[in-house]
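Keep in mind that the numbers below use all heavy atoms, side chains included, and drop hydrogens, waters and symmetry copies. Quick note on labels: first sequence line is chain A, next is B, and so on, each numbered from 1.
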2 protein chains.
Amino acid sequence: MNPKFYFLPQEKQQTILNAGFHVFSRNSYRKSPMSEIADAAGIRKSLLFHYFRNKKELYLFLWDTCAKITVEEMERSGTYEQTDLFGSMEYGMQAKLSLMRRYPDIGVFAVRAFYEKDPEVSSDIQRSMGRYLAVHAEKKLQKLDPEDFISGIDLQMMYKEMYWASEGCLWEYIQRGSMDTDAMEKDFHELVDFWKKVYIRKRQGDKR
Amino acid sequence: MNPKFYFLPQEKQQTILNAGFHVFSRNSYRKSPMSEIADAAGIRKSLLFHYFRNKKELYLFLWDTCAKITVEEMERSGTYEQTDLFGSMEYGMQAKLSLMRRYPDIGVFAVRAFYEKDPEVSSDIQRSMGRYLAVHAEKKLQKLDPEDFISGIDLQMMYKEMYWASEGCLWEYIQRGSMDTDAMEKDFHELVDFWKKVYIRKRQGDKR
DNA sequence: CCTCCGTTAACCGAATCGGTCAATATGATG
DNA sequence: CATCATATTGACCGATTCGGTTAACGGAGG
């Protein structure tokens, strides 16, 4: 990638990145034309080729950038330091939302890239994935105290259910095409509120 | 559409339909080549054009077929007659699963077609949608008796949460690319079980 | 042998693809 | 104004792919 790209004004860089995320998130690698990305970025195709030698380079650059800023955002938000389940859930959501406000299509792009089958890029994606695959939050489950939740509840199932619900909510917005992050934030917040009310054990002496 | 298509053996019809659902569900209308569909169906492109005059005709035929068999399956399964919320949820899921066993990509196809923007087909899709848009299950909510559920629960939120969770679960399978309907059935069933345990009010004198 | 018909190979013109490059626009400097 | 470096573009290329057509193939039945 041409280092001159980094000297572009932040805003222009972001526009180009978003154009890439957008097109690659809606089509497979092979069916994502550079021309379409250039159009979405408001520049000419030739300029896009000026910054990135070829399509593959742009694609992998987007993938790396995606991983980089995701990790940055997660650390910045303090999600990892949260010990409470619902707290970390909400923090994680906030991080995701803040990311999606700057890069609306980054989430779908990441998923699609991860499952991309095209031999021209799939191996590179999978290889670099090994580096980024952090020890996922599943560990959280073992630290949960059953006494904090309503009696008899299957904590693993609860966690899975919560995960699916938030993904399903996200999916609804994705399908619609418009990424109204404010509405999403509201929905997510209501979800967490609902979970708290339903799943948390009410102890005698608790306020509320 | 060439009426000869109907005289094909059921199995071959289904193979062609599935090939169409598959390709159109993974790419936009414009980026779904007829050749790819023919390949997926195991026939030559020219034969595909023998049954369907052009791409648009095939696409709209798939859309109509999709609507038709969905309605059929819903009626056959008896989902509409279910009065109990979780019962209708489970019946609906079973109907969806039975559909997806025969037509693995029909669900994603339907969603994608509904949001398709290409001017060559979007207007036709939207127009015919008006005919199929049944009075959705949302009415169910008003018939629910709050006494049946744990006290203080927001029923609307509960319903929304359940919907999202099932969609999120579905999404996970879609992304993975493989439609393991048996595993899905297991997951869905466990979900409903979980909901029942958590949301239903336990009355004194209830068995279990 | 012929006829019928499902099926195909070969082909067509147009469009699109990734990528190149000479030319132009822009802006700073002297 | 002239000069020069840099940012950006238009025009172009060869290869491929697209939707769609058509003549011919090949097997079954008479």
Nucleotide D:dC12, atom P - distance to CZ of A:Arg44 in whole Å: 16 Å

statement: With the side chain defined as heavy atoms from C-beta on, B:Ile43 is closest, among C:dG6, D:dT8, C:dT8, to C:dT8

- prompt: Would one find a side-chain N or O of B:Tyr51 under 4.0 angstrom from OP1 or OP2 of C:dT7?
  reply: yes

- prompt: Can you check whether B:Phe5 and B:Phe52 have ring centres sitting under 6.0 Å from each other?
  reply: yes

- request: Could you check A:Leu48 against B:Arg53 and say which one's nearest nucleotide on DNA chain D is further toward the 5' end?
  value: A:Leu48

field: Residue B:Met34, side-chain heavy atoms: nucleotide from D:dT8, C:dC17, D:dG19 that is nearest
entry: D:dG19

Geometric cation-pi criterion B:Arg112 and B:Phe109, 6.0 Å radius, 45° cone: no

task: Determine whether the aromatic ring centres of A:Tyr80 and A:Tyr91 lie less than 6.0 Å apart.
output: no

message: Checking contacts here: which listed nucleotide (D:dT9, C:dG6, D:dG20) is nearest the side-chain heavy atoms of B:Phe49?
response: D:dG20

Under 3.5 Å side-chain donor-acceptor pair for A:Ser128 and A:Trp63: yes

- request: Write down the distance between CG (B:Asp39) and P (D:dT17), rounded to a whole number of angstrom.
  value: 12 Å

query: Just how far, in rounded Å, is C1' of C:dA23 from CG of A:Leu47?
result: 15 Å

message: Can you say whether a donor on the side chain of B:Lys45 sits under 3.5 Å from an acceptor on the base of D:dG19, or the other way round?
response: yes

query: Taking atom P of D:dC18 as reference, at what distance in whole Å does atom CG of A:Asn27 sit?
result: 13 Å

- request: Ignoring backbone atoms, establish whether B:Lys4 has a side-chain N or O less than 4.0 Å from OP1 or OP2 of C:dC5.
  value: no

message: Given B:Lys96, which partner from the list B:Glu185, B:Glu167, B:Glu90 fulfils the salt bridge (charged side-chain N to carboxylate O under 4.0 Å, His left out) test?
response: B:Glu167

field: Comparing A:Ser46 and A:Tyr29 on DNA chain C - which has the more 5′ nearest nucleotide
entry: A:Tyr29

- request: Take the protein atom CZ of A:Arg30 and the nucleotide atom P of D:dT17, then report the distance between them rounded to whole Å.
  value: 7 Å

statement: Considering only heavy side-chain atoms of A:Lys12, the closest of D:dG20, D:dT8, C:dT20 is D:dT8

statement: B:Phe52 atom CZ is separated from C:dG6 atom P, nearest whole Å, by 15 Å

- prompt: To the nearest angstrom, how far is A:His50 atom NE2 from C:dA25 atom C1'?
  reply: 14 Å

statement: The nucleotide from C:dG19, D:dT8, C:dC17 with an atom nearest the side chain of A:Pro33 is C:dC17

- prompt: When the distance from CG of A:Asn2 to P of C:dG19 is rounded to whole Å, what number comes out?
  reply: 16 Å

- prompt: Of the nucleotides D:dG20, C:dG18, D:dA7, which has the atom closest to the B:Asn54 side chain?
  reply: D:dG20

